[in-house]
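This report concerns only the one structure given below.
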Number of protein chains: 2
Amino acid sequence: MTRATKTRKGRPKSELGPPANGNRTRIRARNEDNILDAALEVFADCGFKGATIDQIAARAGMSKPNLLYYFRRKRDLYLAVLERTLDMWLEPLSAIRADGDPAEEIRAYINRKLAFSKLRPTASRMFANEIIQGAPLLGTVLQDGLRGIVDEKAAVIRGWASAGKIADVDPYHLIFVIWAVTQHYADFASQVEAVVGSGLSDRKFFRETEAAIDHILLRGILPPER
Amino acid sequence: MTRATKTRKGRPKSELGPPANGNRTRIRARNEDNILDAALEVFADCGFKGATIDQIAARAGMSKPNLLYYFRRKRDLYLAVLERTLDMWLEPLSAIRADGDPAEEIRAYINRKLAFSKLRPTASRMFANEIIQGAPLLGTVLQDGLRGIVDEKAAVIRGWASAGKIADVDPYHLIFVIWAVTQHYADFASQVEAVVGSGLSDRKFFRETEAAIDHILLRGILPPER
DNA sequence: GTCTATAGAATGATAGAC
DNA sequence: GTCTATCATTCTATAGAC
């Protein structure tokens, strides 16, 4: 009775306005980009339910019905935004090379992930919002895409640990720690800003953050002379 | 024209139902607790805007108007929930002793914070939700209470570093790293669960997590023989 | 393709009986 | 203190003119 999953036809969802008779205009591409950019900001600031189509349309410089011409439903727009940035979110992990220098590969991974937090803090916050609430809309989409690549890279790191090239730490926890630390500076930027008055967009603060994280995760905080 | 900040009288907000003529019943205390417990769950799962009073009332086992008898506005309830758990959130940091053994104090702090993530994951997620969106409702309440204690403990940690008792790392970044890592296992539990199939409520996984975090943050991941 | 107008649903909050 | 009934608002989404 509840759970009325309405007309779910076999069509590729979350896509396109009316099936045009052959038009793939440049104006469409530009408007869709504008909408996705605007939606990212608003969803990150307000969450899915808190964001309104009016807000997003205003920020994209168009009317609400006009926006709904490109994305028929709010949920379609939400998922389109997440999917557009998913590759960027995964890329730093994918780039880990099994044949590189272990410590240097991990340091480079940390730095790539921190660079993502600097360049795309809004995308990071939107993902964080979705995951904190249990990924109710993204569902298994992210999770499925995630587990495979994480397992693969965890095996690589485990190999390094077995060979004594790095300390013997659980590779999954190492990955979680790196995610946690690097994303913290994007997701909780308002708190960081409130405490120290700076964020990653400040070049000096970014360098200090990178140095501190690299030091702590690679060398720990015990004094040099043990 | 926009921004119609309506009748904001000088009354102490976020409090109590009708100014009773002297009743401070036990039933009130019990109902308020039930409501706050239910609200915590729903706000953490859905965010402020996504949560509905109906949902919270149903989970608390009462009707919507009855809930609104105790908390006149949704926002009042939201802030009451956050305030009720704020002390618990800050306690692990407050407990750091300047006269203890530095490395052991920091390890104990990490473990207290991780224990909080295990015992109160929902409260952690609700705070995370609020902060990710820029703390629009909590405003300066949390930030003011936070900065003082953080500055104080950062000075303690800096003293340890200057004395060579721990490595020379920026104390603020060390605190941020500890927050990030320990809270990750509560806030992003759905992601952790999706990747490794466990969470902090699993005793074995909790011990492994604690060991891995302690190792990485205290000793780093470079191999023992440098 | 873009707009105005509006339908239809959900929800925060109140009134008033009991 | 608790309930039913309801108002008023906000919002998603659609219809249809241009």
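Sequence lines set the chain letters: A, B, ... in the order given, protein chains first and strands last, and positions in each chain run from 1.
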Mind calculating the distance between [atom1] ([X]) and [atom2] ([N]) to the nearest angstrom?
| X | N | atom1 | atom2 | answer |
| --- | --- | --- | --- | --- |
| L67(A) | dT4(C) | CG | P | 15 Å |
| F71(A) | dG1(C) | CZ | P | 13 Å |
| N34(B) | dT2(D) | CG | C1' | 15 Å |
| Q55(A) | dC11(D) | CD | P | 8 Å |
| Y69(A) | dT4(C) | OH | P | 17 Å |
| N66(B) | dA15(C) | CG | C1' | 15 Å |

Residues in side-chain contact (heavy atoms from CB on, under 4.5 Å) with [X], at least two apart?
| X | result |
| --- | --- |
| S117(B) | A186(B), L200(B) |
| V156(A) | A98(A), W160(A) |
| N31(B) | I27(B), N34(B), M62(B), Y70(B) |
| A154(B) | P171(B), Y172(B), I175(B) |

### Query
Under 4.0 Å between a side-chain N or O of S63(B) and OP1 or OP2 of dT2(D)?
no

### Task
Can you tell me which residue pairs pass the salt bridge (charged side-chain N to carboxylate O under 4.0 Å, His left out) test with a partner in residues 184-212 of chain A, sequence neighbours excluded?
K204(A)-E208(A)

### Task
Using a 4.0 Å heavy-atom cut-off, write out nucleotides 7-13 of chain C from 5' to 3' as B (base contacted by protein), S (sugar-phosphate only) or - (no contact).
----SBB

#### Entry: Closest approach of F48(B) to K74(B) (non-hydrogen atoms, all atoms of both residues)
O-NZ, 2.9 Å

